[in-house]
Student: 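Let me give you the structure first, and then I'll get to my questions.
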Number of protein chains: 2
Amino acid sequence: MSDQTTTSRRPVGRPRTKAAAGGTSELGARAEIVAVASRLFAAKGVSETTMAEIADGAGLQQSSLYYYFRSRDAILEEILGTVNRVPLEFVERLKLDGGPAAVRLHRLIRFDVAALSEFPFDINEVHRLASRQPEGFDLYWEERQRLNDEIEALVAEGVEGGEFLSVDSRLTAMTLLANDEAVQHWNRGRRRLANRAGPDAGDYTSAEIGLFLADLALRGLLARPARLDAVRRASLAREAGEAPESDI
Amino acid sequence: MSDQTTTSRRPVGRPRTKAAAGGTSELGARAEIVAVASRLFAAKGVSETTMAEIADGAGLQQSSLYYYFRSRDAILEEILGTVNRVPLEFVERLKLDGGPAAVRLHRLIRFDVAALSEFPFDINEVHRLASRQPEGFDLYWEERQRLNDEIEALVAEGVEGGEFLSVDSRLTAMTLLANDEAVQHWNRGRRRLANRAGPDAGDYTSAEIGLFLADLALRGLLARPARLDAVRRASLAREAGEAPESDI
DNA sequence: GTCGATTTCGAATTACCATTGAAAGGACTC
DNA sequence: GAGTCCTTTCAATGGTAATTCGAAATCGAC
């Protein structure tokens with residue numbers, strides 16, 4: 001297809017009549033389109049984003065998009081194809097790292113909130129669109145279910161190991177994941193509710209929100225809530241690259 | 001405008017050529033349109049719902065919708081005008097009922113989840129649409145902010161009264177409300193993740209989910225988690241019309 | 001039967017948007 | 001210089017959807 005030669009000063013092909021809105025990227029047209037589409041999908045919603053807008057953002061005319069992508073949905077599928085990979089890879093990393101289920105769950109929630117704040121679209125909308133045309137979204141659903149199952153397994157491990165109260169681990173997983181997603185919605189966009197008053201008061205960072213959420217959830221799950229401080233410390237230490245606390 | 005005379009057998013005006021999809025309602029065309037639009041907005045998203053579909057559902061031709069509503073957005077505004085009223089009224093009721101902040105919060109979460117399961121649209125989408133055209137949505141945003149503030153005040157009351165841990169009440173309010181909203185999304189629609197396996201295993205009811213969520217949240221907030229059972233009992237007793245438990 | 005009010009239809013308009021296909025404009029090779 | 005390849009533009013098509021507007025079809029009053 002279209003690969004730029006890395007030795008050329010200017011790409012082969014007819015010259016563009018306008019630059020990309022964010023400056024011409026070195027990534028090539030295809031990646032530019034994906035990046036612009038991601039941003040627009042997130043800001044305006046998938047349904048309300050037009051091909052003309054995507055083209056504009058990428059510094060192309062609308063029809064050029066079809067040289068790289070079969071259709072509008074193909075762009076969405078491309079984006080969807082990578083979305084679950086990030087959290088699933090983090091889950092794999094948690095398995096390698098080991099440690100108590102509570103610490104791992106705490107870390108996962110914080111990670112998830114941070115990742116979702118960078119999410120290229122409103123997940124509710126995507127799910128709705130995907131439900132109506134299943135072709136092309138199979139991988140997305142499969143990975144999404146796996147992510148859900150992993151969290152469920154993690155909660156179940158905590159329950160069985162006596163770290164957590166005897167909760168329904170499936171419902172817990174659903175709730176936690178849903179909360180991560182919802183919080184990303186409120187922490188984004190033009191109108192921010194429930195954030196600090198005033199334009200200069202600053203808003204909650206996604207790290208703050210993630211930590212708050214992880215604490216609240218863990219406090220609600222721990223068989224011994226008094227362990228929360230130790231769990232939080234171990235969780236934060238992991239991300240700072242320190243050695244994990246022992247015997248919590 | 002259009003008011004049906006209550007004494008007439010059949011409404012004045014040209015007869016319809018088809019019945020409303022859900023049977024002809026006694027409410028009149030305007031209310032029918034609102035009801036159908038609400039259902040479709042919820043099922044398909046606001047952006048993806050067409051005027052033709054709404055008309056079809058109401059047993060009218062498309063252009064008839066404009067006799068009753070100025071535009072598509074006017075239908076949405078009509079629906080939005082009532083949405084926050086239900087939870088806000090419940091909040092008022094909580095104030096009248098009194099009782100510990102923990103019990104009131106528990107009841108509110110359960111109520112909110114139940115109400116949101118009947119919500120006539122995906123709230124994320126509406127917020128996105130409303131952000132892009134502020135005219136007509138002022139009341140909605142005002143009420144939405146009030147609801148948020150009320151929950152924040154309730155949490156703050158619990159914190160000050162020593163019922164809850166010293167949490168950021170604003171961030172807590174945002175989190176709880178967001179979670180209610182997100183859970184409604186997963187408890188609706190065609191593809192249900194993280195629900196019980198199998199087609200006959202049954203899914204979580206919104207009451208189950210609401211109770212779970214209320215318990216999890218309160219367990220995470222209570223200064224003395226051991227009080228949760230009593231809080232739950234008092235919360236459930238309220239809804240069953242029994243006298244509230246005293247001295248919890 | 002006529003008239004006014006109400007409700008609805010049907011046809012049309014307008015705008016928008018996804019997509020197609022031919023042609024243009026450059027680099028590179030022979 | 002011609003031809004090939006790649007990339008992009010331009011013009012157009014076809015379809016869809018929101019909205020407009022004139023007229024039809026009914027009821028009720030007189």
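So that the names make sense, note that chain A is the first sequence line, chain B the second, and so on, each numbered from 1. Both backbone and side-chain heavy atoms feed into the values below; hydrogens, waters and symmetry mates do not.
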Student: Can you check the A:E53 CD to C:dC16 P distance for me, whole Å?
Tutor: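 After rounding, the reported distance stands at 12 Å.
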Student: Distance from B:T175 atom OG1 to B:R170 atom CZ, nearest 0.5 Å?
Tutor: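 Between atom OG1 of B:T175 and atom CZ of B:R170 there are 12.5 Å.
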Student: State, with a plain yes or no, whether a side-chain heavy atom of B:R72 is found less than 4.5 Å away from one of B:V46.
Tutor: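 They are in side-chain contact.
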Student: Spell out protein contact along nucleotides 11-17 of chain D as letters: B when the base is contacted, S when just the sugar-phosphate is, - when no protein heavy atom is under 4.0 Å; keep the 5' to 3' order.
Tutor: ------S
Student: Starting at atom CZ of A:F69, determine the distance to atom P of C:dT19, rounded to an integer number of angstrom.
Tutor: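 Going from A:F69 (CZ) to C:dT19 (P), I get 13 Å.
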Student: Estimate the overall bend of the helix from C:dG1-D:dC30 to C:dC30-D:dG1 from the end axes over five pairs each, rounded to 10 degrees.
Tutor: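 If I round to tens, the end axes sit 20° apart.
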Student: Just the rounded figure in Å: distance from P of D:dT7 to CG of A:L60.
Tutor: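 Going from A:L60 (CG) to D:dT7 (P), I get 12 Å.
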Student: I'd like to check the side chain to side chain donor-acceptor pair (under 3.5 Å) partners of A:E150; sequence neighbours left out, ordered by chain and number.
Tutor: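 For A:E150 the side chain to side chain donor-acceptor pair (under 3.5 Å) partners, ignoring immediate neighbours, are A:K95.
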Student: Using atom CZ of A:R30 as one end and atom C1' of D:dT7 as the other, report the distance to the nearest whole Å.
Tutor: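 It works out to 15 Å between those atoms.
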Student: Given that B:A52 and A:S64 both sit by DNA chain D, which one's nearest nucleotide is further toward the 5' end?
Tutor: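 The residue mapped nearer the 5' terminus is A:S64.
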Student: Picking from C:dC9, C:dT8, D:dT19, which would you name as closest to the side chain of B:Q61?
Tutor: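 Taking heavy atoms from C-beta onward, the closest nucleotide is C:dC9.
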Student: What is the separation between atom OH on A:Y68 and atom P on C:dA18, rounded to the nearest whole Å?
Tutor: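 Rounding to the nearest Å, OH of A:Y68 and P of C:dA18 are 19 Å apart.
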Student: Check the side chains of A:D149 and A:Q145 for a donor-acceptor pair under 3.5 angstrom, ignoring hydrogens and angles.
Tutor: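 Yes, side-chain donor-acceptor contact under 3.5 Å.
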Student: Of all residues at least two apart in sequence or in a different chain, which pass the side-chain contact (heavy atoms from CB on, under 4.5 Å) check with A:A207?
Tutor: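 Per chain and number, A:A207 pairs via side-chain contact (heavy atoms from CB on, under 4.5 Å) with A:T205.
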Student: I'd like to check the side chain to side chain donor-acceptor pair (under 3.5 Å) partners of A:S71; sequence neighbours left out, ordered by chain and number.
Tutor: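 Counting only residues at least two positions away or on another chain, A:S71 forms no side chain to side chain donor-acceptor pair (under 3.5 Å).
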Student: Taking only nitrogen or oxygen atoms into account, show me every contact under 3.5 Å that the protein makes with nucleotides 23-25 of chain C, one pair per line with its distance.
Tutor:
{"residue": "C:dG25", "atom": "N2", "partner": "A:R14", "partner atom": "N", "Å": "2.6"}
{"residue": "C:dG25", "atom": "N3", "partner": "A:R14", "partner atom": "N", "Å": "3.4"}

Student: Tell me every residue that passes ring-ring contact (aromatic ring centres under 6.0 Å, His included) with A:F111, counting only those two or more places apart in sequence or in another chain.
Tutor: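 For A:F111 the ring-ring contact (aromatic ring centres under 6.0 Å, His included) partners, ignoring immediate neighbours, are A:F90.
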Student: Quick one: side chain to side chain donor-acceptor pair (under 3.5 Å) partners of B:S47, sequence neighbours excluded?
Tutor: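 Expected list: A:E48, B:E125.
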Student: Tell me: OH of A:Y67 to C1' of C:dA22, nearest whole Å?
Tutor: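 Between C1' of C:dA22 and OH of A:Y67: 15 Å.
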Student: Would you kindly give the CG-to-C1' distance between B:L65 and C:dG10, to the nearest whole Å?
Tutor: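 Taking CG of B:L65 and C1' of C:dG10, I get 14 Å after rounding.
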Student: For A:R110, give me all partners under side chain to side chain donor-acceptor pair (under 3.5 Å), at least two apart in sequence or on another chain.
Tutor: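 Partners of A:R110 under the side chain to side chain donor-acceptor pair (under 3.5 Å) test: A:S235, A:E239.
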Student: In Å, rounded to the nearest 0.5 Å, how long is the span from CG of A:L147 to CG of A:D112?
Tutor: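 Spacing of CG (A:L147) from CG (A:D112) equals 6.5 Å.
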Student: Can you list the residues that meet the salt bridge (charged side-chain N to carboxylate O under 4.0 Å, His left out) rule with B:E53, with sequence neighbours excluded?
Tutor: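 Checked B:E53 against salt bridge (charged side-chain N to carboxylate O under 4.0 Å, His left out); matches are B:K44.
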